[in-house]
S.K.: 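Sharing a structure with you now.
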Amino acid sequence: MSTPHTAKSSLLRIENLTPQSAHRIIQQALKLKSGQSTPQVSFAKRLVAALVFFEPSTRTRFSFEVACHRMGVHPTAFLADSTTSMAKGETLHETMNTLIAMRPDLVVVRAPAHAQLEKILAETSIPVLNAGTGVEEHPTQALLDAMTIIERKGRIESERILFVGDVSHSRVANSGIQLFKRLGAEVACSSPVDMKPQSKLWVDARHFENLKDGLQWATVCIGLRIQKERHGRSMGQEELQSYIRQFRLDKKNISDLSADALIMHPGPFVPEEDFSEELLQDSRVALHDQVTNGVYVRMATIGDLLGIPCT
Ligand code: NCD
């Protein structure tokens, strides 16, 4: 089947984005949000996006679905659960090959490891959008976070952005540090020593063992969920209680953050562990702005990859 668009490329890693292309997507997302730009939905009316999720998701999947509808693209979702042939023993790779053989116009995929995505991409000419891979990348989350910072603080350049918590297992933080540095921000993290990131992305980044010091430094603070499913061991009660005392973002622990700082979290949060629900009332908190902005960033990215014109 020939498609009416000229696909530009795929978005798998932050390194696929220049600062200019990231700014272009964010500016386009802001225009779509304000109504200054409108997608020509009739252009995309025969296009189909396969949303393929091999890991759980609420906001990212729903956000991509809403974004597809708003761009005039038909989303069709595959969730690896007990109703699919994966329950019969089919591999991720063959499942992917099967879905790709149906020739969707775009594949949005969340996979447990980045290498699996690279392999899939090498075998297809269909544009692929990364919706989160293992601990490695989550590029549209980084873009929506950058958009939220620009929208709320007026800029991202020179902002001091602090990731808090389980940084070593966070694809959100790993994509975030790359994009934010590209856009001229400073990035640091605060975590227990065993959650301090070891990858080369973080070699030059400051690490605050004490959250108080990190919050005094930061102009933007991004909380993270404890990624227990990636630990390969269970956290003892004592260890968990010590984490909560020192790193949970709550009224008491956040008191050292300045009045004009921004508080973010990619979600989902666990109230008893990483982000207290009462903080949602704090005017510095931008969690739901992040969710709203995610739809516009994904609309802009889909429009870019599929060449959907906007007025
Ligand atoms: C995160 C993810 O899946 O990487 N959430 C998201 O996409 N907004 C973070 C998490 O699972 O903790």
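Counting starts at 1 for both ligands and their atoms, in listed order.
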S.K.: Think Arg110 forms a cation-pi with Phe53, using NZ or CZ under 6.0 Å from the six-ring centre and within 45 degrees of its axis?
M.R.: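 Here Arg110 fails the 6.0 Å and 45° test against Phe53.
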S.K.: Find all protein N or O atoms under 3.5 angstrom from an N or O atom of ligand 1 and list the pairs with distances, or write 'none'.
M.R.:
residue: ligand 1; atom: 3 (O); partner: Arg110; partner atom: NH1; Å: 3.3
residue: ligand 1; atom: 3 (O); partner: Arg110; partner atom: NH2; Å: 3.3
residue: ligand 1; atom: 3 (O); partner: Arg171; partner atom: NH2; Å: 2.9
residue: ligand 1; atom: 4 (O); partner: Arg171; partner atom: NE; Å: 2.7
residue: ligand 1; atom: 4 (O); partner: Arg171; partner atom: NH2; Å: 3.4
residue: ligand 1; atom: 5 (N); partner: Gly267; partner atom: O; Å: 2.8
residue: ligand 1; atom: 7 (O); partner: Thr60; partner atom: OG1; Å: 2.9
residue: ligand 1; atom: 7 (O); partner: Arg110; partner atom: NH2; Å: 3.1
residue: ligand 1; atom: 7 (O); partner: His138; partner atom: NE2; Å: 2.8
residue: ligand 1; atom: 8 (N); partner: Gln141; partner atom: OE1; Å: 3.1
residue: ligand 1; atom: 8 (N); partner: Pro266; partner atom: O; Å: 3.0
residue: ligand 1; atom: 8 (N); partner: Gly267; partner atom: O; Å: 3.3
residue: ligand 1; atom: 11 (O); partner: Arg225; partner atom: NH2; Å: 3.0
residue: ligand 1; atom: 12 (O); partner: Arg225; partner atom: NE; Å: 2.8
residue: ligand 1; atom: 12 (O); partner: Arg225; partner atom: NH2; Å: 3.3
residue: ligand 1; atom: 12 (O); partner: Gln227; partner atom: NE2; Å: 2.6

S.K.: Do any side-chain atoms of residues 196-205 form donor-acceptor pairs under 3.5 angstrom with protein atoms, and if so which ones, sequence neighbours left out?
M.R.:
residue: Gln198; atom: NE2; partner: Lys196; partner atom: O; Å: 3.1
residue: Ser199; atom: OG; partner: Leu201; partner atom: N; Å: 3.3
residue: Trp202; atom: NE1; partner: Asn174; partner atom: OD1; Å: 2.8

S.K.: Does any non-hydrogen side-chain atom of Val66 lie less than 4.5 Å from one of Arg298?
M.R.: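 Contact flag for Arg298/Val66 side chains = no.
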S.K.: Please check if the number of heavy atoms outside Glu278 that lie under 6.0 Å from its CD is greater than 12.
M.R.: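 Atom CD in Glu278 is crowded, with more than 12 foreign heavy atoms closer than 6.0 Å.
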S.K.: Which other residues end up in the same hydrophobic cluster as Leu99, if Ile, Leu, Val, Met, Phe, Trp and Tyr are linked when side-chain heavy atoms come under 4.5 Å apart?
M.R.: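 For the cluster that includes Leu99, the remaining residues are Leu12, Val52, Phe54, Phe78, Met86, Leu92, Met96, Ile100, Val107, Val109, Leu117, Ile120, Leu121, Ile126, Val128.
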S.K.: For Arg206, check salt bridge (Lys or Arg N to Asp or Glu O under 4.0 Å) against everything at least two apart and list the hits.
M.R.: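 Partners of Arg206 by the salt bridge (Lys or Arg N to Asp or Glu O under 4.0 Å) criterion come out as none, since no residue qualifies.
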